[in-house]
Amino acid sequence: HFEAVLIFVRTKTATVELAEKIEARGHACEALNGDIPQQQRERIVERLRKGKLDILVATDVVARGLDVERISHVINYDIPYDAESYVHRIGRTARAGASGDAISLGCETYVMTLPDIEKYIGHKIPVANYNPEDLPEIVRPKPRPRKPRGGPRRRPGGGEHNKHPKQRRRGPRKDKS
């Protein structure tokens, strides 16, 4: 059981992609990254504080200074490049003397920083393997509606109706013979 979860990823794009996948599974989840305006980021964090949001997917930079007592679990979806970031990330849980859990997911590509992290924190991080048969079925999120782009609307097929009104021919066509 968890109260609130903070999931760390390495890129802004990954925050959005992972948040969409989690939301598609029915969880209240938001992305938090540097592309989101500051005022909107503050509203997202406030929703997490008030319990209107359970899961936040964030990059290291925007989560600096994040202090939400409800965070019971920190998940390193991507293991950080450096040990200081690891310590900062797991410090987002167990605030104000509460207990919390930190879980790091690693693959062959990103687990290479694990020995440096263990040396920095002064102990081994327990490692567990998984059985691929225990993984849930992949559910693709529904595509997000696209925002219309600026400029005049065009009809399919081309022709006179797609030209600017001043470029349209007026009156009958004249032969040049």
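The residues of the chain are indexed from 1 along the displayed sequence.
In the hydrophobic clustering of this structure, Val127 groups with Ile121; members are Ile, Leu, Val, Met, Phe, Trp, Tyr whose side-chain heavy atoms approach within less than 4.5 Å, directly or through other members. A continuous path of hydrophobic side-chain contacts links Leu56 to Val68 [ILVMFWY only; heavy atoms under 4.5 Å].
Under the 4.5 Å side-chain criterion, counting only non-hydrogen atoms from C-beta, Leu6 is not in contact with Leu32. Using a 4.5 Å heavy-atom cutoff, the side chains of Leu105 and Ile75 are in contact.
Between Thr113 and Tyr81, the shortest heavy-atom distance links the atoms CG2-O, 3.5 Å. Residues His73 and Ile103 share a closest heavy-atom pair of CD2-CD1, 4.4 Å. Annotation for Ala28 and Lys52: closest pair CB-O, 4.0 Å, computed over non-hydrogen atoms. Residues Asn76 and Ser104 approach most closely at ND2-OG, 2.9 Å, considering heavy atoms. Scanning all heavy atoms of the two residues, the minimum distance from Ile117 to Pro80 falls at CD1-O, 4.2 Å. For the pair Arg70 and Asp54, the tightest heavy-atom approach, listed with the atom from each and the gap, is NH2-OD1, 3.3 Å.
A distance of 10.0 Å separates CD1 in Ile71 from CD in Glu3, rounded to the nearest 0.5 Å. Ile36 CD1 to Ile44 CD1: the interatomic distance, rounded to the nearest 0.5 Å, is 4.5 Å. Taken to the nearest 0.5 Å, the CD1 atom of Ile7 stands 10.5 Å off from the CG atom of Asp78.
Arg47 meets the salt bridge (Lys or Arg N to Asp or Glu O under 4.0 Å) test with Glu30; sequence neighbours excluded. Under the side chain to side chain contact (heavy atoms under 4.5 Å, CB included) criterion, Asp35 pairs with Lys12, Asn33, not counting sequence neighbours.
Salt bridge present: Glu46 and Arg49 bring a charged side-chain N and a carboxylate O closer than 4.0 Å.
Arg10 contributes no side-chain N or O that, together with a main-chain N or O of Tyr77, makes up a donor-acceptor pair within less than 3.5 Å.
Crowding of Gln38 atom CD: a count of heavy atoms from other residues, nucleotides or ligands under 6.0 Å exceeding 12.
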